[in-house]
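These notes are about the structure you will find just below.
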Amino acid sequence: MTDNHKNNYVAFALCMISYLFGGTVSTLMSATLPVAIPELLGGNVSEARLGEVGAYISAVFIYGWMFGGLLFGIISDKIGRKKVLIFVTLLYGITTLLTVFVSNWYVLMGYRFLTGMGVGGVLLIATVYISEIWAEKTRPIALGILAVAFPIGIVTTGGLTVFFSNWRESFWLGLIPISISILMFFILPESNQWNDLEKSKKISYLTIFEPIYRKNLIMGSLIFGSVLIGLWGIFSWIPTWVQTLLLAGQNGQKERGISMMLLGSGGIIGGILSGFLIKYFGSRKVLIFTFLGCIFACFILFLSNQYFTKIIYLEIAFLSLFFGISQGALSSYIPDLFPTIIRATASGFCFNFGRFFTATAVFFVGSMVAFFGGFSNALLSFSLVFLIALITAYFSRDVEKP
């Protein structure tokens, strides 16, 4: 094995760890909302109030994710992948750690916004960075495995939820990404593809809207944005939905924790499969199959359960399998739509275009619960956006590079 290959594997490991704990801090607040919100509000709260405050906290995180993904993509095209990846990993680590000491939900929203910025930057820059340093032949597999780190982080969330009875204690994990950012500073090499582009500091971010890139930009934004709205709307509220299905008096710690672990476990398997599926069947067929599966699984999960039974665990795992395939496939598909010189900016736009609408939709979950008559119907409504992704994928072709 050459030194270059060894360096790539070390870089991959550091990116994967940062990506993994990005998945954990993204979902940890969702898993702890039913107990964190009453504590921060000073007592028991109604389901409507829980939905209202939880929507604020969830939405502000996604807004931060969107802003960070767009901003840090542009910056990384200007100053390099390594510097930005170190900073965003450090950012979400520090703000996660500060959550341990939060005293009210207004301050918590500020921390969650900054955490979202960091996680949004990590998921974008790590994906672009690996796509640039990895050999083209096995790149989809490498990116599929990288995407698996996020659901592994979700499994970690479930474990933390089950293990720690005090929700604050689980946020000490912020020390881990802080440590990883320090290792990145000393170990991580810069992307050679980025180094080779002398024009990279002169190009305008508006270049992504030029006609030669416009078709791929619109297609990538529609597909990923639609998937994101459905995925995040469902993912972030499943623990609360599970809680509402339990009998009065049950704290739901075990059920919520297991649900999060299953969401992550299915995502891991799906993410691993995604690279191999794309290699043998092509992006378009895999995406169409995945979006059909998402719609079917959502209808089963949210229409067939009026109270909690263990069959829900199986249905959640089934749904998360398709979520995992979609994220792994799109992590490879989107960056490959664009040349290196605009890859991070254009990919950041595609990855984050839908986050504004996602955050807005999540923000109104409390109202949607009242309108649709419960969490089940409200969450089912999120699955309908997969139709947009399905239609776009159906009329697309496999990756066409400009």
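- Atom OG1 of Thr392 sits about 12.0 Å away from atom CZ of Arg284, to the nearest 0.5 Å.
- Distance check, rounded to the nearest 0.5 Å: CZ of Phe185 to CG of Leu85 gives 13.5 Å.
- Looking only at side-chain heavy atoms (C-beta outward), Met184 and Thr89 come within less than 4.5 Å of each other.
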**Prompt:** Please walk me through it: do Met109 and Phe61 pass side-chain contact (heavy atoms from CB on, under 4.5 Å)?
**Reply:** CA-CA 7 Å; Met109 284 200 300; Phe61 175 83; over 6 Å; no
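- For the pair Tyr19/Thr127, a side-chain contact is recorded, criterion being any heavy-atom separation below 4.5 Å from C-beta on.
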**Message:** Applying side-chain contact (heavy atoms from CB on, under 4.5 Å) to Ile223 and Phe291, what does each step give before you reach the verdict?
**Reply:** CA-CA 10 Å; Ile223 293 177; Phe291 301 146; 3.8 Å; yes
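- In this structure, the side chain of Arg256 engages the main chain of Ala31 through a donor-acceptor pair within 3.5 Å.
- Annotation for Phe113: atom CZ counts as buried by contact number, over 12 foreign heavy atoms lying within 6.0 Å.
- Counting only heavy atoms from C-beta outward, the side chains of Leu160 and Glu169 never approach each other to under 4.5 Å.
- No side-chain heavy atom of Leu98 sits less than 4.5 Å from a side-chain heavy atom of Val102.
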**Request:** Using the side-chain contact (heavy atoms from CB on, under 4.5 Å) rule, take Leu175 and Thr96 through it: C-alpha gap first, then chi angles, then the decisive distance, then the call.
**Result:** CA-CA 8 Å; Leu175 290 169; Thr96 298; over 6 Å; no
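- A pairwise comparison of heavy atoms in Leu262 and Ser320 identifies O-OG, 3.1 Å as the closest pair.
- Within the model, atoms SG of Cys350 and CG of Leu222 stand 9.5 Å from one another, a figure rounded to the nearest 0.5 Å.
- Sparse packing is recorded around CZ of Phe87, with 12 or fewer heavy atoms of other residues, nucleotides or ligands lying under 6.0 Å away.
- With Arg343 contributing its side chain and Phe338 its backbone, the two residues share a donor-acceptor pair below 3.5 Å.
- When side chains are defined from C-beta on, Phe299 does not count as touching Ser304, because their heavy atoms never get closer than 4.5 Å.
- Proximity of a side-chain donor or acceptor of Tyr92 to a complementary backbone N or O of Gly22 within less than 3.5 Å is detected.
- Dense packing is recorded around CZ of Phe101, with more than 12 heavy atoms of other residues, nucleotides or ligands lying under 6.0 Å away.
- Dense packing is recorded around OH of Tyr313, with more than 12 heavy atoms of other residues, nucleotides or ligands lying under 6.0 Å away.
- Note that the OG1 atom of Thr156 and the CZ atom of Phe21 stand 6.0 Å from one another [nearest 0.5 Å].
- Between Leu379 and Leu301, the closest side-chain pair of non-hydrogen atoms is not below 4.5 Å.
- Judged purely by atom type and a 3.5 angstrom limit, Arg81 has no side-chain atom pairing as donor or acceptor with the backbone of Tyr129.
- For Cys15 against Ile130, the heavy-atom pair with the smallest separation is SG-CD1, 4.1 Å.
- With sequence neighbours excluded, no residue satisfies salt bridge (Lys or Arg N to Asp or Glu O under 4.0 Å) with Arg214.
- Outside the 6.0 Å centre-distance limit, the rings of Phe289 and Phe281 are not counted as a close aromatic pair.
- Atom CG of Leu70 sits about 10.0 Å away from atom CE of Met117, to the nearest 0.5 Å.
- Judged purely by atom type and a 3.5 angstrom limit, Ser76 uses its side chain to pair as donor or acceptor with the backbone of Gly73.
- Separating the OG atom in Ser131 from the CG atom in Leu146 is a distance of 10.0 Å, to the nearest 0.5 Å.
- Pairing each heavy atom of Glu255 with each of Leu246, the nearest pair is CG-CD2, 4.0 Å.
- Looking at Lys82, its side chain never comes within 3.5 Å of a backbone N or O of Pro189 through a donor-acceptor pair.
- Scanning all heavy atoms of the two residues, the minimum distance from Arg139 to Trp134 falls at NH2-O, 3.3 Å.
- Between the side chain of Asn305 and the backbone N or O of Tyr307 there is no donor-acceptor pair closer than 3.5 Å.
- With hydrogens and angles ignored, the 3.5 Å screen pairs no side-chain donor or acceptor of Ser58 with any backbone N or O of Ala55.
- Ring centroids of Phe72 and Trp65 are separated by 6.0 Å or more, keeping the two rings apart.
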**Thr95 vs Thr115, side-chain hydrogen bond (donor to acceptor under 3.5 Å, both in side chains): CA-CA, chis, key distance, verdict** = CA-CA 6 Å; Thr95 52; Thr115 303; 2.8 Å; yes
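- Checked against salt bridge (Lys or Arg N to Asp or Glu O under 4.0 Å), Glu190 has no partners two or more places apart in sequence or in another chain.
- Ring pair Phe323/Phe386 is tilted by interplanar angle, where 30° to 60° counts as tilted.
- You'll find the side chain of Leu245 stays beyond 4.5 Å of the side chain of Gln306, heavy atoms only.
- Across all their heavy atoms, Met29 and Ala36 have their closest contact at CE-CB, 3.7 Å.
- Side-chain contact between Leu20 and Phe150 is absent, with no heavy atoms from C-beta onward closer than 4.5 Å.
- Across Cys298 and Leu319, no two heavy atoms sit closer than the pair SG-CD1, 3.7 Å.
- Legend: residues meeting side chain to side chain donor-acceptor pair (under 3.5 Å) with Ser179, ordered by chain and number and at least two apart, are absent.
- Looking at Thr161, its side chain never comes within 3.5 Å of a backbone N or O of Gly257 through a donor-acceptor pair.
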**Message:** Working note: Ser326 + Thr290, criterion side-chain hydrogen bond (donor to acceptor under 3.5 Å, both in side chains); need CA distance, chi angles, decisive distance, verdict.
**Reply:** CA-CA 6 Å; Ser326 73; Thr290 301; over 6 Å; no
